[in-house]
Asker: 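I have a structure I would like to understand better, so I am pasting it below and will then ask my questions one at a time.
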Amino acid sequence: MVISFKYSALSLFAICAAIGGPVAAWTPSGSNNTAAQGESPAISYDVKELSIAELSDRLTSGDVTSTELVSGYIDRIGRIDRARKGGPHLRSVINVMPNVLTEAARLDAERAAGRIRGPLHGIPVMVKDNIEVAGPVPTTAGSTALLQNITNRDAPMVARLRAEGAIILGKTNLSQWANIRSSNSTSGWSSVGGLVRNPYALDRNSCGSSSGSGAAAAASLAAATVGTETDGSITCPAAINGLVGFKPTVGLVSRTYIVPISHSQDTAGPMTRTVRDAALMLTAMAGSDAMDKATRDAGQYAVDFTQGLSATYLKDVRIGVMRDRIGGNTAIQAVFNSALEQLKKAGAILVDIQDTRAGLDEVGEAEFTVLMVELKADMNAYLASTPAAVKTRTLADLIAFNKENANTELRWFGQDLFELAESQKGLDDADYIAARDKARTLAGPKGIDRLLHGNNVRFLIGPTNGPAWVSDIVNGDNFGGPSQSQLPAVAGYPHITVPMGDVEGLPLGLSIIGTKWADHDVIKAAYAFEQASQARKPPTYRKTVEAD
């Protein structure tokens with residue numbers, strides 16, 4: 001069916017800021033629960049703010065072992081994420097893998113024997129809990145309906161990380177069902193993990209749906225994390241948590257064994273504290289997967305994304321400034337204008353684009369139709385592949401489960417989007433096919449590509465979104481300010497956010513958008529801006545943003 005009402009970019013983002021209670025009672029033995037403002041004296045190896053590149057150098061020099069790094073991160077998770085008294089209690093981590101120290105010891109032994117898999121060898125990372133990881137932990141998508149979803153299989157993207165030596169430290173919290181259950185949800189809440197707190201101000205939201213991946217990476221609870229996005233779910237939490245977040249071209253990274261929303265738009269991507277770390281992660285993650293036909297051409301574009309990173313990359317490069325996507329907040333405008341000056345100093349040629357929305361009014365409605373139809377089809381296909389212990393085998397089963405467990409699952413908001421998706425006809429429906437083709441054409445060839453070619457620019461830029469809002473579990477999210485996620489999400493094109501400054505200590509990100517398969521170029525542009533701006537600040541774990 002065709003939705004008969006229109007959705008603006010902002011309202012759609014609020015509805016499905018996409019790809020995306022009772023927490024497992026996990027506390028590391030010997031953890032120190034006396035952290036003041038989340039930063040008590042370290043009782044193990046101090047991993048705070050260390051990049052993948054720095055950790056790799058220290059492992060190579062023998063300054064630290066992977067076992068010591070894992071122990072350091074586990075201790076930090078206990079003090080900062082799980083401690084209810086004295087610590088920030090971020091609730092960003094759902095599970096720590098029970099065999100992670102054994103895995104670290106194995107990789108230490110490989111290193112001692114002279115076998116180094118690459119720069120990720122022995123580096124602890126975490127993945128969002130809608131991504132399957134082999135081992136005795138479930139993949140829940142934040143719902144108690146999937147507490148028995150122990151598949152004992154690695155998503156191919158996870159298998160690639162492991163092959164490069166990365167240690168899967170644990171699973172991160174998320175907006176339940178990747179923010180696609182309800183049109184009035186609170187980002188970062190799940191019945192499995194509770195509500196994620198923003199490490200820059202604990203009463204503020206961490207956006208979603210990769211909320212836990214954002215907060216955990218910002219708080220140095222892992223060297224890096226992996227999020228997923230359908231529309232904004234990597235870039236928004238990355239920007240709001242002061243991170244680099246990269247949404248690749250759809251098809252560069254496999255989606256197999258990831259709880260889905262939309263095969264047209266879903267992708268996984270890295271969330272890190274530096275652009276180089278994002279490039280290192282993406283280099284490991286990218287590649288073709290026979291089970292995901294969208295990745296058929298990925299092998300042509302899965303390169304070493306760290307190659308060519310240079311502070312001078314943007315010299316004489318023309319960049320389109322999306323002037324009508326900045327918004328009216330003067331504080332955001334001031335930070336963005338400062339970022340523009342930094343881009344000029346890096347040698348970029350800035351080209352103002354005053355009307356980036358012309359002819360694109362129908363993108364939101366078409367996208368929404370696609371998401372509703374594909375949610376039903378793709379979720380049913382995924383649930384059919386889960387272990388027999390999972391009793392919810394269809395979207396209709398999930399809707400029934402939520403009603404039967406309303407005190408847990410529907411306590412704060414409903415499931416109107418689930419119910420709307422269940423009413424859809426299917427992937428063969430003519431209205432769906434027309435909406436899918438319209439969405440792709442408007443966002444891609446008639447959207448991003450038209451703006452790039454018509455203005456003779458290589459990239460488009462704008463503020464990723466506004467600063468973090470106060471979390472409100474009753475009334476839902478209060479999105480405000482600009483949003484750049486929709487066009488690249490619908491087109492399936494690359495989109496990166498890089499810290500560009502802050503408003504009252506709340507981070508803001510700069511979005512850089514390119515054409516299909518321009519992932520490497522987008523990363524190189526982000527690196528050059530990062531080197532010019534050096535804008536990222538570590539989190540401070542304030543209770544709130546206080547007025548003078």
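Along the sequence shown, residues carry numbers from 1.
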Asker: Using every non-hydrogen atom in the two residues, find where Thr235 and Thr497 come nearest and quote the distance to one decimal.
Answerer: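 Nearest pair, atom of Thr235 first, then Thr497: O-CG2, 3.6 Å.
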
Asker: With a 4.5 Å cut-off on side-chain heavy atoms, are Phe529 and Val275 touching?
Answerer: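 Not in contact.
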
Asker: Return yes if a side-chain donor-acceptor contact under 3.5 Å exists between Ser471 and Asn205, otherwise no.
Answerer: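 The answer is yes; a qualifying pair exists.
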
Asker: With side-chain contact (heavy atoms from CB on, under 4.5 Å) as the test, would you mind laying out the steps for Arg204 and Val470 before giving the verdict?
Answerer: CA-CA 4 Å; Arg204 298 277 167 157; Val470 175; 3.7 Å; yes

Asker: Does Arg162 use its side chain to pair, donor to acceptor, with the backbone of Ile168 at less than 3.5 Å?
Answerer: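 No: the side chain of Arg162 does not pair with the backbone of Ile168.
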
Asker: Verify whether one side chain among Thr256 and Asp292 offers a donor that lies under 3.5 Å from an acceptor in the other.
Answerer: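 There is no such pair (donor and acceptor under 3.5 Å, judged by atom type) between the side chains of Thr256 and Asp292.
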
Asker: When rounded to the nearest 0.5 angstrom, what is the spacing between CG in Asp502 and CG in Leu508?
Answerer: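 Taking CG in Asp502 and CG in Leu508, the distance rounds to 7.0 Å.
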
Asker: Verify the neighbour count for atom NZ of Lys376: are there more than 12 heavy atoms of other residues, nucleotides or ligands below 6.0 Å?
Answerer: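 More than 12 within 6.0 Å, yes.
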
Asker: Assess the side chains of Ser191 and Gln176: does a donor N or O sit below 3.5 Å from an acceptor N or O?
Answerer: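 Per modelled atom types, Ser191 and Gln176 side chains form a pair under 3.5 Å.
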
Asker: Could you verify whether a donor N or O on one side chain and an acceptor N or O on the other, from Asn184 and Ser182, lie under 3.5 Å apart?
Answerer: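 The answer is no; no qualifying pair exists.
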
Asker: For Ala284 and Leu120, which heavy atoms make the closest approach, and how far apart are they?
Answerer: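 Ala284 and Leu120 have their closest heavy atoms at CB-CD1, 3.6 Å.
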
Asker: Are the side chains of Asn130 and Tyr382 in touch, meaning some heavy atoms are under 4.5 Å apart?
Answerer: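 No, their side chains stay 4.5 Å or more apart.
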
Asker: At their closest point, which heavy atom of Val503 faces which heavy atom of Val335, and how far apart are they?
Answerer: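 Answer, listing the atom of Val503 first, then Val335: CG2-CG2, 4.3 Å.
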
Asker: Decide side-chain hydrogen bond (donor to acceptor under 3.5 Å, both in side chains) for Glu374 and Ser264; before the verdict, give the C-alpha distance in whole Å, the side-chain angles of both, and the deciding distance to 0.1 Å.
Answerer: CA-CA 8 Å; Glu374 293 186 359; Ser264 291; 2.6 Å; yes

Asker: Minimum heavy-atom separation for Asn198 and Ala468, please, with both atom names.
Answerer: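 Nearest heavy atoms, Asn198 then Ala468: ND2-CB, 3.6 Å.
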
Asker: Keeping the roles fixed (side chain from Arg536, backbone from Gly242), state whether a donor-acceptor pair exists under 3.5 Å.
Answerer: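 Yes, because the side chain of Arg536 sits within donor-acceptor range (under 3.5 Å) of the backbone of Gly242.
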
Asker: When the ring planes of Trp517 and Tyr301 are compared, do they come out parallel, tilted or perpendicular, using 30° and 60° as the limits?
Answerer: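 It falls in the parallel class, under 30°.
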
Asker: Roughly how far, to the nearest 0.5 Å, is the CE atom of Met126 from the CE atom of Met271?
Answerer: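 Spacing of CE (Met271) from CE (Met126) equals 11.5 Å.
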
Asker: Please check if any side-chain donor atom of Asn149 sits under 3.5 Å from a side-chain acceptor atom of Thr139, or the reverse.
Answerer: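 Result is no, nothing qualifies.
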
Asker: Please walk me through it: do Asp266 and Thr230 pass side-chain hydrogen bond (donor to acceptor under 3.5 Å, both in side chains)?
Answerer: CA-CA 5 Å; Asp266 290 351; Thr230 306; 2.6 Å; yes

Asker: Using modelled atom types only, decide if a donor and an acceptor are shared between the side chain of Arg181 and the backbone of Gly414 within a distance under 3.5 Å.
Answerer: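 Side chain of Arg181 to backbone of Gly414: a pair is present.
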
Asker: Atom OG in Ser511, atom NZ in Lys247: separation rounded to 0.5 Å?
Answerer: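 These two atoms lie 11.5 Å from each other.
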
Asker: Taking the side chain as everything from C-beta on, heavy atoms only, tell me whether Leu252 gets closer than 4.5 Å to Asp519.
Answerer: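 Yes - at least one pair of side-chain heavy atoms lies under 4.5 Å apart.
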
Asker: Check whether any side-chain N or O of Asn241 sits under 3.5 Å from a backbone N or O of Ser206 as a donor-acceptor pair, and report yes or no.
Answerer: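 It does hold such a pair.
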
Asker: Go through Leu487 and Leu360 one step at a time and tell me if the side-chain contact (heavy atoms from CB on, under 4.5 Å) criterion holds.
Answerer: CA-CA 9 Å; Leu487 288 183; Leu360 302 181; 4.0 Å; yes

Asker: Can you confirm whether Phe459 sits close enough to Val522 that some side-chain heavy atom of one is under 4.5 Å from a side-chain heavy atom of the other?
Answerer: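 Side-chain contact under 4.5 Å: yes.
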
Asker: Hey, is the main chain of Ala278 close enough, under 3.5 Å, to the side chain of Thr272 for a donor-acceptor pair?
Answerer: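 Yes, the answer is positive, given that a donor and an acceptor are paired below the 3.5 Å cut-off.
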
Asker: How long is the straight-line distance from CG of Asn475 back to CZ of Phe413, given to the nearest 0.5 Å?
Answerer: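 CG of Asn475 is found 12.5 Å from CZ of Phe413.
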
Asker: Could you tell me which non-hydrogen atom of Tyr200 sits nearest to which non-hydrogen atom of Leu506, and how far apart they are?
Answerer: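 Result for this residue pair: CB-CD2, 4.5 Å.
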
Asker: Starting at CD1 of Ile332, measure out to CG of Asn337 and round the result to the nearest 0.5 Å.
Answerer: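 Between Ile332 CD1 and Asn337 CG, I get 12.0 Å after rounding to 0.5 Å.
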
Asker: Of all heavy-atom pairs between Ser175 and Gly208, which one has the smallest distance, and what is that distance?
Answerer: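 Looking at all heavy atoms of both residues, the shortest contact is OG-CA, 3.6 Å.
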
Asker: With a sphere of 6.0 Å drawn around CG of Asp428, does it hold more than 12 non-hydrogen atoms of other residues, nucleotides or ligands?
Answerer: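 No, CG of Asp428 has 12 or fewer neighbouring heavy atoms, counting only those of other groups under 6.0 Å.
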
Asker: With no hydrogens and no angle check, do the side chains of Glu409 and Gln415 hold a donor and an acceptor under 3.5 Å apart?
Answerer: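 Not at all, the side chains of Glu409 and Gln415 share no donor-acceptor pair under 3.5 Å.
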
Asker: Do Lys128 and Ser210 meet the criterion of a side-chain donor-acceptor pair at a distance under 3.5 Å?
Answerer: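 Looking only at side-chain atoms, Ser210 and Lys128 do form a donor-acceptor pair, the distance falling under 3.5 Å.
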
Asker: Do Asp289 and Ser254 pair up side chain to side chain, a donor and an acceptor below 3.5 Å, judged on atom types alone?
Answerer: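 Yes, Ser254 and Asp289 have a side-chain donor paired with an acceptor closer than 3.5 Å.
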
Asker: What's the spacing between Ser187 OG and Asp472 CG if we round to 0.5 Å?
Answerer: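 Those atoms lie 12.0 Å apart.
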
Asker: Taking C-beta and beyond as the side chain, do Leu309 and Tyr313 meet within less than 4.5 Å on heavy atoms?
Answerer: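 In short, these two side chains do not touch, never coming nearer than 4.5 Å.
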
Asker: Is there a donor-acceptor pair closer than 3.5 Å between any side-chain N or O of Ser288 and the backbone N or O of Thr295?
Answerer: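 Answer holds: yes.
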
Asker: Treating Asp355 as the side-chain partner and Arg357 as the backbone partner, does any N or O pair qualify as donor plus acceptor under 3.5 Å?
Answerer: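 Judged by distance alone, yes, a pair lies under 3.5 Å.
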
Asker: Would you say the side-chain atoms of Asn465 and Ser483 include a donor-acceptor pair closer than 3.5 Å?
Answerer: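 There is no such pair (donor and acceptor under 3.5 Å, judged by atom type) between the side chains of Asn465 and Ser483.
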
Asker: Do Ser262 and Asp378 have a side chain donor and acceptor closer than 3.5 Å?
Answerer: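 Not at all, the side chains of Ser262 and Asp378 share no donor-acceptor pair under 3.5 Å.
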
Asker: Evaluate the criterion side-chain contact (heavy atoms from CB on, under 4.5 Å) for residue pair Phe418 and Ile180; output intermediate values, then yes/no.
Answerer: CA-CA 7 Å; Phe418 267 15; Ile180 199 65; 4.0 Å; yes

Asker: Can a side-chain donor-acceptor contact be found between Arg393 and Thr386 if the only test is distance below 3.5 angstrom?
Answerer: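 Yes, a side-chain donor-acceptor pair sits under 3.5 Å.
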
Asker: Tell me whether Thr515 contacts the main-chain N or O of Ala518 through its side chain, where contact means a donor paired with an acceptor under 3.5 Å.
Answerer: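 The answer is no, because no donor-acceptor pair under 3.5 Å joins these two groups.
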
Asker: Do Asn329 and Pro482 touch side chain to side chain, with heavy atoms closer than 4.5 Å?
Answerer: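 No. Closest side-chain heavy atoms not under 4.5 Å.
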
Asker: State whether a side-chain donor-acceptor pair under 3.5 Å links Asp416 with Ser183.
Answerer: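 Distance-only check passes for Asp416 and Ser183.
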
Asker: Short question: side chain of His495, backbone of Ile234 - any donor-acceptor pair under 3.5 Å?
Answerer: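 No; judged by distance alone, with no hydrogens or angles, the pair does not exist.
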
Asker: Please lay out, stage by stage, how Thr186 and Asp477 fare under the test side-chain contact (heavy atoms from CB on, under 4.5 Å).
Answerer: CA-CA 5 Å; Thr186 298; Asp477 286 327; 4.2 Å; yes

Asker: Within the side chain of Arg160, is there an N or O that forms a donor-acceptor pair under 3.5 Å with the backbone of Val253?
Answerer: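 Looks like no, no N/O pair under 3.5 Å.
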
Asker: State which residue, out of Arg318, Lys344, Glu341, fulfils the side-chain contact (heavy atoms from CB on, under 4.5 Å) condition with Leu350.
Answerer: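 The residue from Arg318, Lys344, Glu341 that satisfies side-chain contact (heavy atoms from CB on, under 4.5 Å) with Leu350 turns out to be Lys344.
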
Asker: Do Val457 and Ile349 have side-chain heavy atoms sitting under 4.5 Å apart?
Answerer: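 When only atoms from C-beta onward are counted, Ile349 and Val457 do not touch, as no gap falls below 4.5 Å.
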
Asker: Looking at side-chain heavy atoms only, is the closest gap between Val317 and Lys524 below 4.5 Å?
Answerer: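 No; the side chains remain at least 4.5 Å from each other.
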
